[in-house]
2 protein chains.
Amino acid sequence: MGTSERKEREKERKKAMMLEAAEKVILEKGLDQLNMDEVASRAEVSKGSLYLYFKNKTELVLGICEKASKLFAEEASKVLTKNLPGIELVVMLGQSFLNFVREHPEYFRSMKFFDNLKESEALADSEYIVRCQDNIQNSFTCMVRAIQIGMQDGSINDDYDPRELAVLLWGTSDGIVNLAYMQQNCPHYELMQDHQISLESVFENYIKLIGGGIATDGKKNKKINDS
Amino acid sequence: MGTSERKEREKERKKAMMLEAAEKVILEKGLDQLNMDEVASRAEVSKGSLYLYFKNKTELVLGICEKASKLFAEEASKVLTKNLPGIELVVMLGQSFLNFVREHPEYFRSMKFFDNLKESEALADSEYIVRCQDNIQNSFTCMVRAIQIGMQDGSINDDYDPRELAVLLWGTSDGIVNLAYMQQNCPHYELMQDHQISLESVFENYIKLIGGGIATDGKKNKKINDS
DNA sequence: TTCCCATGCTGACTTTGAGTCATTTTTTGA
DNA sequence: TCAAAAAATGACTCAAAGTCAGCATGGGAA
């Protein structure tokens, strides 16, 4: 009986259509202008149907966030397959993050929404929350792995705890990437427009600064000597 | 005729009461639960009065953001008066930022709200936006000054452009401070809860990493030799 | 003291948009 | 072919943002 399978697929397809409609609205008008009636009409379904698939507006956005965090986690795990020194993997992860945000500002926006949820919003009882957390955790684990690889191959200074260093890199790169997002999407954000500072060179310096700090830079290559 | 002056002060006092009421609500329930009727009743005025002082909900939050950004700018300029090497001023600015967010999460929240405004929200025509931008610009200038002082006194490597370095430090410390905010205010944020990583040590390592990267650390103390 | 006007204040009302549900349409399997 | 189940609909309810016609107050002129 392949009927139920086809039905299942059809359901997924519709859900995807609704998410895509919502993404477009966010891209065009911003998250705060997202309106359920408009999403419904753009997805060519009734409002009732929309609520059949997503129990409220929060879950609709979390649906986007799930896609976003999954996509990025895939990106991150792809980076890890490359045969490169750990330090370069770390740099590539940062670069992927930046590209991701530039290519999908609406995804980054939905992830910020996720970040700022409070328990007050029907939070604990949502499957989406759990899946988003999982995906983010996976990306984070990629960062930890890259650092561990680097410590193993001697390209990264092993004075630090790998997980702690990962948190540090996660936080700082989120900050830098957020600058990029705001420069691109928030016209009133003036920190960089005023002066003629390019994000390219800021990011380059970020890599140089952080990279310099965590790399072994020829001082103590014990691991390299071993191999 | 001191009457109009007293009236003016009275108006300011009421405005401050309304802002305080709104801050309390944000602190207790979060920004997304902020509700104009509740603010009005807590401030012991009618809804109509509230709208007499703030033309909409967005401006009310921007009013808080104005206070917040002003407070922080004052904090930052206080740091600059200290008679210390530039590098230590930079570290103190970072530390102040972290303390600020810990002590006033609702202020940080309102600044995030400001950051994420789109032009769609009656944006260009708001006096608040301009004042917030000014205050933030002032804080940023403090960071630039601290860096310039450090380059002058030889405690900071002058390979970088001061403004570009300031953007870099601004972005990264915003990211780190954001981690602190989330850990404190968003129960679903699991990046650090899972592992037993303390924010203290992450921040310490942040200072060590960045500080190490920008400090002259005895390699090229040309300016120090001069004096 | 009394009245008048300006300014400030009020809360009932309008509007908008999230979320619901009784009803209709479509699909499925007998 | 048809009845029961599943899916879809959009008019409705309800909460909260935002408005406005009328009320209160207080300071100055008669």
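Letters go in sequence order (proteins before strands), and every chain restarts at 1. Bear in mind that the values here come from a model prediction, so they are computed numbers and not experimental data.
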Distance, rounded to the nearest Å, where [X] contributes [atom1] and [N] contributes [atom2]:
X	N	atom1	atom2	value
Met36(A)	dT9(D)	CE	P	15 Å
Asp37(A)	dG19(C)	CG	P	11 Å
Leu52(B)	dG11(C)	CG	C1'	14 Å
Leu50(A)	dT20(C)	CG	C1'	13 Å
Met18(B)	dG8(C)	CE	P	12 Å
Glu59(B)	dA17(D)	CD	C1'	14 Å
Gln33(B)	dA15(D)	CD	P	14 Å
Arg9(A)	dA7(D)	CZ	C1'	18 Å

Measure from the ring center of Phe108(B) to the ring center of His104(B) and say whether it is less than 6.0 Å.
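No, the ring of Phe108(B) stays outside the 6.0 Å limit from the ring of His104(B), centre to centre.
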Of the nucleotides [options], which one has an atom closest to the side chain of [X]?
X	options	answer
Ser46(B)	dG11(C), dG19(C), dG18(D)	dG11(C)
Ser49(A)	dA18(C), dC9(C), dA8(D)	dA8(D)
Tyr51(A)	dT9(D), dG19(C), dA17(D)	dG19(C)
Asn35(B)	dA8(D), dA18(C), dA16(D)	dA16(D)

Which part of the nucleic acid, if any, lies within contact of Phe54(A), taking any heavy atom under 4.0 Å across all strands shown: a base, the sugar-phosphate backbone alone, or nothing?
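Nothing, no heavy atom under 4.0 Å.
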Does Leu34(A) reach a base, just sugar-phosphate, or nothing at all? Heavy atoms under 4.0 Å.
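Answer is sugar-phosphate: Leu34(A) comes under 4.0 Å of backbone atoms only.
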When you measure from the centre of the six-membered ring of Phe54(A), is the NZ or CZ of Lys15(A) under 6.0 Å away and within 45° of the axis?
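That pair qualifies as a cation-pi contact.
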May I ask you to decide if Val39(B)'s main-chain N or O and Lys24(B)'s side chain share a donor-acceptor pair within less than 3.5 Å?
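No, because the side chain of Lys24(B) does not come within donor-acceptor range (under 3.5 Å) of the backbone of Val39(B).
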I'd like to know if Lys47(B) reaches the base of dG18(D) with its side chain, counting only an N/O donor and acceptor under 3.5 Å.
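Present.
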For a 4.5 angstrom cut-off between non-hydrogen side-chain atoms, does Phe140(A) reach Val167(A)?
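With C-beta onward as the side chain, the pair touches.
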Geometric class of the Phe100(A)/Phe72(A) ring pair [parallel <30°, tilted 30-60°, perpendicular >60°]
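Geometry flag for Phe100(A) against Phe72(A): tilted rings.
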